[in-house]
**Student:** 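First the structure, then my questions, so here it is.
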Amino acid sequence: MPVFPLGNDRLGWTRRTPAERLVRWVGWLIGVAVFVWCWNRISGVTTWFFVWDAPRIAQDILARATPPRWSYMDHLWVPIWDTLNIATLGTLIALCLAVPVAFLAARNTTPSRVFVRPVALLVIVSTRSINSLIWALLLIAIIGPGVFAGIIAIAIRSIGFCAKLLYEAIEEIDQSQVEAITATGAGPLQVTTYGIVPQILPAFAGIAVFRWDINIRESTVLGLVGAGGIGLQLSSSLNTLAWPQVSLILIVILLAVVISEWVSAKIRGAIV
Amino acid sequence: MGLSFPGQDARTRGEAVLKIEKLVKTYKTGDKALRAVDMEVPQGQVVSLIGPSGAGKSTLIRCINRLVEPTSGKVWLDDVEISGLSAGALRRERRRMGMIFQEYALIERLTVMENVLSGRLGYVGFWRSFLRRYPQSDVNEAFRLLDRVDLLEMADKRADELSGGQRQRVGICRALIQDPALLLVDEPTASLDPKTSRQIMRLITELCAERQLAAIVNIHDVALAQMFVQRVIGLRFGVIEFDGLPTALTPEVLTAIYGEEDWQATIRKDGESEELSA
């Protein structure tokens, strides 16, 4: 009780009671102790030679990587185009699958909260929790290496993300508009297209562009495992220690990401 | 339409469009919103439903078109018993009950025209409504209604660009284009300023008179209700405490409905009377 009598009818106030202060002090003490212990342990098993050597090695690689090998660009146009396509098609497929999942998962639109909603939520959690690189590894084993595996990996990884954001938007709609459309005698599909869809359209467009932007970044690394795109060139350049090519690829990826971020920011700005 | 018919007649004049029998609604929380409500509304009569917040006014209106499922009791629209209908039959009957909402409940991101035409959803198939290919007769009627409420030039504006009074007029058009036999009106003026409130109430009562429509109007403003309606029903704790002419609302009656308070200032004096359907 932070309010306490001071005598003479006056009241004192502190933010916390003495007991709360003690608990917090002990909590901080334990936290600091754990940190110091961890620090000791980590430094005990670190080979400090490598750490001290790191700046020199980094400088060395940087020196080898500059200037970038600009002529290698001829080999990059196709992979970067592939990367872009993987991201775009993957996002489109993900959106097509995410929309029904979102409607099944939202509390106010699901046909059954007991049977259907948990299944939809499971789809969302399972697709979201596995990284697209791992999806790609799995899919390469199933459908073979190439762009298609990359597209599907991106699509699966994005379903959960899009469906989760979309079902949250569905749950936040103004229910009175749905009531109004229901009251006209409209059927369930009409109630959805008139009462719900217009309300979630801005959120949907925002989610789509946002995910597309993320997927461009994700698809640049898919090639590392053989799922198409610029990552393949990156991994082969790294393996052959062709540092000038690596630096060029990193510049290209950086540019692609910056451009996609700019486009998505513009589109999202236009929607809101 | 006048003030002159006696109190008893207010309840039974003409053929009943709506008949409610022992309507009970108990929410899952145990809230008894309605306890055996009986009432009848004849064709062309505008009834206002008054009562404190939580008295069951909104629940009563929503039990009629089953936006809220009644616990027990019966509701007839003409000779169709609403509470026993299947989903499809209920949708067909809902077309005959237009509803007007407190916060307008327009589809904010659609145009005024689309909002008005959405009142025809019960008559138009899914694909036609999805592609916005409404029959020309519906479009004609929509223009006629928008003209009637002075919103013709707003037809292409998005609903969220309109002021409160304009939005409520769009809401009225959406309800009327259903070609209803009954209007269910839930707090039509609660979000509007006093002048706009009067205009909206006047518009609703005028349109009901023109079309011989019955209406139930939930309203908080007792003086406004007295100004425009032919009959007042007072609800308290889900029970009808008063049913009669607006002029019969005395301080004692208001105390019975709302509880103890000084009611003199609330009740409209006869001297300042405004014509019912001017």
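Hydrogens, waters and symmetry mates are skipped; everything else that's a heavy atom, side chains included, is used.
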**Student:** Check whether any side-chain heavy atom of B/Arg62 sits under 4.5 Å from a side-chain heavy atom of A/Glu179, and report yes or no.
**Tutor:** yes
**Student:** Quick check for you: to the nearest 0.5 Å, what is the distance between A/Ser176 atom OG and B/Leu106 atom CG?
**Tutor:** 9.0 Å
**Student:** Minimum heavy-atom separation for B/Ser129 to A/Tyr194, with atom names?
**Tutor:**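 Closest heavy-atom pair between B/Ser129 and A/Tyr194: O-OH, 2.8 Å.
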**Student:** Return yes if some donor-acceptor pair links the side-chain N/O of A/Gln177 with the main-chain N/O of B/Ala105 below 3.5 Å, else return no.
**Tutor:** no
**Student:** Could you look at B/Leu184 and say if it's the side chain, the backbone, both or neither that has a heavy atom under 4.5 Å from chain A?
**Tutor:**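 Looking at B/Leu184, nothing touches chain A.
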**Student:** Select one option (side chain, backbone, both, neither) describing which atoms of B/Arg174 are under 4.5 Å from chain A's heavy atoms.
**Tutor:** side chain
**Student:** Would you indicate whether the side-chain heavy atoms of A/Pro202 and B/Arg109 approach each other to under 4.5 Å?
**Tutor:**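 Side-chain contact under 4.5 Å: yes.
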**Student:** For B/Ile107, is it the side chain, the backbone, both or neither that has a heavy atom under 4.5 Å from a heavy atom of chain A?
**Tutor:**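 When you check distances to chain A, atoms from both the backbone and side chain of B/Ile107 fall under 4.5 Å.
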**Student:** Under 6.0 Å from the CZ atom of B/Phe143, do we count more than 12 heavy atoms belonging to anything else shown?
**Tutor:** no
**Student:** Please classify the contact between B/Arg120 and chain A as side chain, backbone, both or neither, with a heavy-atom cut-off of under 4.5 Å.
**Tutor:**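 For B/Arg120, neither part sits under 4.5 Å from chain A.
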**Student:** What part of B/Gln178 gets closer than 4.5 Å to chain A, counting heavy atoms only: side chain, backbone, both or neither?
**Tutor:**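 The side chain, not the backbone.
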**Student:** Tell me, yes or no, whether the heavy-atom count around A/Arg24 atom CZ, taken from other residues, nucleotides or ligands under 6.0 Å, exceeds 12.
**Tutor:** no
**Student:** Which atom names give the shortest non-hydrogen contact between A/Ala186 and B/Leu121, and what distance separates them?
**Tutor:** CB-CB, 3.6 Å
**Student:** Could you tell me which non-hydrogen atom of B/Arg91 sits nearest to which non-hydrogen atom of A/Pro188, and how far apart they are?
**Tutor:** NH1-CD, 3.7 Å
**Student:** Mark yes when over 12 heavy atoms from residues, nucleotides or ligands other than A/Arg21 sit less than 6.0 Å from its CZ; otherwise mark no.
**Tutor:** yes
**Student:** Quick one: do A/Thr193 and B/Phe126 satisfy side chain to side chain contact (heavy atoms under 4.5 Å, CB included)? Show the steps, please.
**Tutor:** CA-CA 9 Å; A/Thr193 52; B/Phe126 170 74; 3.7 Å; yes
**Student:** Please state whether the side chain, the backbone, both or neither of B/Arg92 comes within less than 4.5 Å of a heavy atom of chain A.
**Tutor:**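 Nothing of B/Arg92, per the 4.5 Å heavy-atom cut-off to chain A.
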**Student:** For the residue pair A/Ala183 and B/Asn65, what are the closest heavy atoms and their distance?
**Tutor:**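 What the structure gives for the nearest pair is CB-ND2, 3.8 Å.
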**Student:** Does any backbone or side-chain atom of B/Met97 lie under 4.5 Å from a heavy atom of chain A? Answer side chain, backbone, both or neither.
**Tutor:**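 The answer is the backbone of B/Met97.
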**Student:** Does the side chain of A/Thr182 reach to within under 4.5 Å of the side chain of B/Arg94, using non-hydrogen atoms?
**Tutor:**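 Side-chain contact under 4.5 Å: yes.
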**Student:** Could you tell me which portion of A/Ile181 (side chain, backbone, both or neither) has an atom closer than 4.5 angstrom to a non-hydrogen atom of chain B?
**Tutor:**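 The side chain, not the backbone.
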**Student:** Taking every non-hydrogen pair under 4.5 Å, which of B/Tyr104, B/Tyr123, B/Tyr134 racks up the most with chain A?
**Tutor:**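 Of the options given, most contacts go to B/Tyr134.
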**Student:** For B/Asp156, does the CG atom sit with more than 12 other heavy atoms under 6.0 Å from it, leaving out its own atoms?
**Tutor:**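 Result for CG/B/Asp156: open.
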**Student:** Rounded at 0.5 Å granularity, tell me how far OG1 in A/Thr192 sits from CZ in B/Phe130.
**Tutor:**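 Between atom OG1 of A/Thr192 and atom CZ of B/Phe130 there are 11.0 Å.
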